[in-house]
Amino acid sequence: MGDPPAAKTFYVTTPIYYVNDVPHIGHAYTTLSADVLARYHRLRGREVFFLTGTDEHGQKVQRSAAEQGLEPIELADRTVERFQAIWEALHISNDDFIRTTEPRHRRAVEAIFRRIDEAGDIYPGEYEGLYCVPCETFWTELQVGEGGCPSCGRPVETVREKSYFFRMSRYEKRLLEHIERHPEFIQPESRRNEILSFVRQGLKDLSISRTTFDWGLPVPTDPSHVLYVWFDALTNYLTAPGLGTDPERFERIWPADVHLIGKDILRFHAVYWPTFLMAAGLPLPRVVFGHGWWTVEGQKMSKSLRNVVDPLWLIETYGVDAVRYFLLREVSFGADGDFSHRAFIGRLNADLANDLGNLLSRTVGMIQKYCDGVVPEPSEETALEVAFRERAEAVMVAQDGFMAQCAFQKALINIFELVAAANKYVDETAPFKLAKREADRPRLRTVLYTLAEGLRFLRLLTDPYMPTTAAKIGCQLGIPALEPGRPFNEVSRWGGTEGGQTIHEGPKLFPRIEEDRAVAIHEEVARLADAEEAPPEEDAVEEIGIEEFQRVSLRTARIVAAEPVPKSKKLLKLTVEVGGGEQRQLVAGIAQDYTPEALVGKSVVVVTNLKPARLMGVESQGMVLAGETPEGKVVLATFDEPLEPGCVVK
RNA sequence: GGCUGAGUAGCUCAGUGGUUUAGAGCGACGGUCUCAUAAACCGUAGGUCGUGGGUUCAAUCCCCACCUCAGCCA
């Protein structure tokens with residue numbers, strides 16, 4: 001065994017995405033993680049091949065296209081555009097984009113099929129089973145029971161057809177041995193255990209052809225059959241490196257170093273795929289990593305929730321690098337995670353704006369102010385500089401280990417510990433005090449140099465995750481763009497710049513999202529969640545009993561004072577009388593439709609037993625009832641006839 | 001039904017081959033400072049480490065049962 005030859009290309013893949021899908025955050029997540037690996041290795045001077053693409057064959061595509069009055073390829077073309085638009089917006093640096101409808105793919109599929117056939121592992125037979133079209137999966141009668149497809153619940157179809165089979169059973173032992181000998185082959189470990197127990201239960205031969213539809217690649221030895229979509233799709237990983245078209249290149253690129261996938265398709269990648277490759281006499285990929293799924297605001301992703309985390313919308317709202325950062329920082333790769341806008345804004349403000357952005361801005365600011373905008377040359381180091389430098393070096397070194405495990409979250413935590421150390425270093429050395437005494441000039445220069453050098457490290461460290469941000473940091477520090485030819489270990493050495501370069505103060509890296517903007521985002525999120533077509537019955541408003549309604553205390557109230565909440569466009573602070581002389585302070589989001597003057601004296605309905613909340617720093621002890629027109633205009637609930645404050649509303 | 005994993009501070013999670021004060025981030029509260037994006041830095045916050053048993057001088061970490069959740073399989 002041992003290490004692969006140094007010349008071998010680092011090859012990372014995403015799954016090819018199904019053109020019947022609407023691109024969503026899950027796709028973005030997989031592709032993004034692959035992008036980080038690709039950028040990481042490129043930065044270190046390795047040759048990288050980063051592949052993504054689309055899976056365009058199959059009965060489901062054929063049917064959807066027909067329903068929309070399109071040819072399958074037209075449907076595919078449209079979806080491909082959508083995917084590519086997202087990859088562009090996300091700054092994905094893929095080297096190739098494979099489509100399974102391309103001629104080169106057909107050649108690769110023929111090549112691997114022939115190899116397997118020559119090995120004697122393909123034989124004709126007959127398949128009878130219950131098939132779920134949307135899931136493209138056969139089920140046993142036991143599995144289906146009365147409930148339809150165990151996976152999606154829809155009715156299944158009985159299918160009996162001639163089919164070619166792949167002798168997967170023959171590779172059961174070899175696969176088991178391989179998984180046992182290579183603990184890194186299937187990750188994370190819990191997924192590995194699952195696959196292990198699956199394989200131990202025995203592998204059956206696999207039906208790999210269909211005759212019931214024709215949108216697919218023909219079986220090379222029998223064109224009346226179409227290849228099973230997974231056989232077709234998995235082969236994409238061989239196509240792009242050049243199987244069947246460019247043997248030399250293929251040799252250099254294959255096997256893949258990492259197949260990144262969602263946990264839902266692990267079995268195809270960790271069982272079917274390696275056995276296909278074994279039969280074809282090809283080396284196996286080194287790692288198959290099945291990452292987790294995202295829930296949204298604590299709920300399983302549904303159609304309407306997808307709107308709320310639509311990748312393009314997120315990028316537009318928060319900026320591409322914030323999205324990249326959040327997705328990889330928020331959860332441990334492999335585990336499921338929750339996407340919430342509150343958490344997002346928290347991360348953006350705390351980590352990116354306050355810690356990283358502010359570090360750059362204070363450093364550049366001081367260099368500008370105290371050193372006429374030129375990064376100074378250092379004099380002697382004290383223990384503080386040594387400690388900081390060693391920390392920076394340690395972080396740089398640690399990255400390799402994290403990347404080898406796809407531990408993006410740990411890597412980012414580690415990098416941001418350096419950011420924190422730099423902020424602390426500013427505090428400990430107080431350069432703004434040093435600047436006041438001429439005698440402290442040399443010391444000041446050392447401190448500012450150390451900070452600049454620390455930020456230069458941070459530029460290198462963050463580059464795979466936030467390439468645009470890294471470039472901005474470099475630009476503000478006045479350090480040259482990375483030269484492709486220069487060895488990374490030279491660039492990443494402390495002291496890699498000697499000082500003397502001119503800095504360029506620039507805009508904030510990440511402006512904080514202040515509370516009123518956060519409120520606006522949350523409102524927009526709520527609107528988007530509702531925007532999806534009328535929810536089906538099971539999503540309809542839940543019925544409640546009268547007791548439950550009675551738990552809400554509604555009272556009439558008179559507005560005695562109203563004033564705008566500072567810095568907020570939508571909020572008004574209201575003082576209302578709720579009966580018995582009691583006054584309460586409420587915050588209501590009605591400033592766009594009511595002026596404070598117009599409100600005083602009005603009778604309204606107020607929820608009086610709501611937990612107090614703080615909006616824009618102002619406490620709200622209740623809620624005013626109002627309706628909203630389709631255009632979004634807010635209208636307060638009032639009464640036909642005046643009612644005294646404190647009357648019960650029911 | 002079988003198997004695997006998880007259940008730790010308000011929230012999100014880390015952690016230990018069993019030994020003295022169980023950790024971090026965010027939030028909250030108090031303080032320092034003023035170079036900076038009202039940021040940064042420091043300090044405080046008392047969580048029966050899911051429940052009940054067991055092993056042990058000693059268990060959050062080992063064993064058993066149970067509960068809850070997630071996943072894989074049937």
Side-chain angles (χ1 to χ4, degrees), chain A residues 139-145 150-151 186 188-204 262-267 270-271 290-293 295 297-298 300 322 326 329-332 334-340 342-371 384 407 409-410 412-414 416-417 419-436 440 444 447-448 451-452 455 476 503 505-515 517 566-567 611 614 616-617:
Chain A
W139 303 99
T140 63
E141 281 179 43
L142 201 74
Q143 287 171 313
V144 171
S151 163
I186 302 169
E189 200 187 335
S190 57
R191 301 278 149 211
R192 177 172 178 264
N193 291 340
E194 276 171 21
I195 293 295
L196 226 32
S197 69
F198 177 80
V199 178
R200 282 192 186 124
Q201 283 168 32
L203 292 183
K204 284 184 220 141
K263 62 183 184 180
D264 52 320
I265 53 174
L266 188 62
R267 201 159 92 209
V271 180
H291 69 241
W293 280 18
T295 54
E297 305 288 347
K300 263 196 180 156
F326 179 82
R329 166 61 241 262
E330 187 64 5
V331 299
S332 161
D336 287 352
D338 183 53
F339 189 108
S340 93
R342 179 173 300 281
F344 193 113
I345 292 168
R347 280 251 110 83
L348 175 52
N349 283 347
D351 299 356
L352 297 179
N354 293 353
D355 292 345
L356 178 60
N358 186 45
L359 174 66
L360 178 70
S361 138
R362 68 201 303 208
T363 302
V364 168
M366 286 190 281
I367 292 172
Q368 183 67 46
K369 216 184 249 183
Y370 306 142
C371 300
L384 285 174
Q409 185 197 38
K410 282 187 186 161
L412 282 168
I413 288 173
N414 190 240
F416 275 73
E417 279 167 359
V419 174
N423 276 318
K424 186 167 179 170
Y425 173 76
V426 174
D427 217 68
E428 289 168 335
T429 54
F432 39 88
K433 282 185 184 158
L434 298 174
K436 289 178 182 156
D440 287 329
L444 174 66
V447 168
L448 293 182
L451 284 169
L455 274 161
Q476 292 208 27
I503 53 110
E505 276 186 294
K508 294 172 183 174
L509 237 35
F510 296 96
R512 280 178 62 84
I513 294 187
E514 299 300 343
E515 203 158 351
R517 173 107 193 286
K567 284 201 274 183
K611 257 191 221 157
R614 290 188 85 79
M616 298 282 299

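Just so we're on the same page: letters track the sequence lines, and every chain starts at 1.
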What distance, rounded to whole Å, do you find between the two C1' atoms, one in B:U8 and one in B:U48?
12 Å

Atom CG of A:D336 to atom C1' of B:A6: distance rounded to whole Å?
12 Å

Does A:N354 have a side-chain nitrogen or oxygen under 4.0 Å from the phosphate oxygens OP1 or OP2 of B:A40?
yes

For A:A270 against A:I186, the heavy-atom pair lying closest together:
CB-CD1, 3.7 Å

Calculate the interatomic distance between A:E189 atom CD and B:U4 atom P; express it in whole Å.
13 Å

Nearest to the side chain of A:D427, which nucleotide is it out of B:A36, B:G71, B:C41?
B:C41

Of the candidates B:U34, B:G71, B:U37, the side chain of A:K433 sits closest to B:U34

Looking at the side chain of A:V426, which of B:C26, B:U37, B:C35 is the nearest nucleotide?
B:C35

Figure out the CZ/C1' separation between A:F198 and B:U4, and round it to whole Å.
15 Å

Classify A:E330 by what it touches in the nucleic acid, base, sugar-phosphate, or nothing, heavy-atom distance under 4.0 Å.
nothing

d(CG, A:N423; P, B:A36) in whole Å
14 Å

Taking only Watson-Crick and G-U wobble pairs with both distances under 3.5 Å, what dot-bracket line describes RNA chain B, where [ ] shows pairs that cross earlier ones and | shows pairs with another strand?
(((((((..((((.........)))).(((((.......))))).....(((((.......)))))))))))).

Heavy-atom distance under 4.5 Å between the side chains of A:D264 and A:W293, does that happen here?
yes

Salt bridge (Lys or Arg N to Asp or Glu O under 4.0 Å) for A:E194 and A:R191? Distances and angles first, verdict last.
CA-CA 5 Å; A:E194 276 171 21; A:R191 301 278 149 211; 3.2 Å; yes

Where is the tightest heavy-atom contact between A:L448 and A:P431, given as atom of each residue plus distance?
CD2-CB, 4.2 Å

Taking B:G47 as the reference, what is the distance to B:G5 when you measure between their P atoms (whole Å, please)?
31 Å

Nearest-nucleotide comparison on RNA chain B, the residue closer to the 5′ end among A:T363 and A:G346
A:G346

Nearest heavy atoms of A:A452 and A:I367, plus distance in Å:
CB-CD1, 4.3 Å

Over how many whole Å does the gap from A:F416 atom CZ to B:U12 atom P extend?
22 Å

Nearest non-hydrogen partners of A:V271 and A:F198, listed with the distance:
CG2-CD2, 4.1 Å

Where at least one partner belongs to residues 344-354 of chain A, residue pairs that pass side-chain hydrogen bond (donor to acceptor under 3.5 Å, both in side chains), sequence neighbours excluded:
A:Y325-A:D351, A:E330-A:R347, A:R347-A:D351, A:N354-A:R512

Using atom P in both nucleotides, what's the gap between B:C69 and B:G17 to the nearest angstrom?
31 Å

Round to a whole Å and report the spacing from CD1 of A:I503 to P of B:C35.
16 Å

Work out how far the C1' atom of B:G30 is from that of B:C49, and round it to whole angstrom.
28 Å

Does A:G292 offer a backbone N or O that forms a donor-acceptor pair with the side chain of A:D336 under 3.5 Å?
no

Same-atom distance (P) from B:A9 to B:U51, integer angstrom
11 Å

Is A:R512 close enough to B:A39 that one of its side-chain N or O atoms is under 4.0 Å from OP1 or OP2 there?
yes

Between A:R362 and A:V331, the residue closer to the 5' end of RNA chain B by nearest nucleotide is A:V331

Need one value for A:D338: base, sugar-phosphate or nothing, where a base atom within 4.0 Å counts as base even if backbone is also close, heavy atoms only.
nothing

Among B:A40, B:C35, B:C73, the nucleotide that comes nearest once only the side chain of A:M366 is considered:
B:C35

So A:L360, base contact, sugar-phosphate only, or nothing? Heavy-atom distance under 4.0 Å.
nothing

Base, sugar-phosphate or nothing for A:F510? Non-hydrogen atoms, less than 4.0 Å.
base

In whole Å, what separates the C1' atom of B:A39 from that of B:C33?
12 Å

For atom CD of A:E417, is the number of surrounding heavy atoms from other residues, nucleotides or ligands below 6.0 Å larger than 12?
yes

Between atom NZ in A:K424 and atom C1' in B:C35, what is the gap in whole Å?
19 Å

Measure from CD1 on A:I345 to C1' on B:G27 and round the result to the nearest Å.
15 Å

By the 4.0 Å heavy-atom rule, please label A:S361 as base, sugar-phosphate, or nothing.
base

May I ask you to say what A:A343 touches in the nucleic acid, namely base, sugar-phosphate or nothing, with a heavy-atom cut-off under 4.0 Å?
nothing

In terms of side-chain heavy atoms of A:F432, which of B:C73, B:A39, B:U34 is nearest?
B:U34

What distance, rounded to whole Å, do you find between the two C1' atoms, one in B:U44 and one in B:G23?
16 Å

A:N358 has its side chain closest, among B:A40, B:G71, B:G25, to B:A40

What orientation do A:F339 and A:F344 show, parallel under 30°, tilted 30 to 60°, or perpendicular over 60°?
tilted

Span that lies between the P atom of B:C29 and that of B:C3, in whole angstrom:
50 Å

According to a strict under-4.0 Å criterion, is A:K369 in side-chain N/O contact with OP1 or OP2 of B:A36?
yes

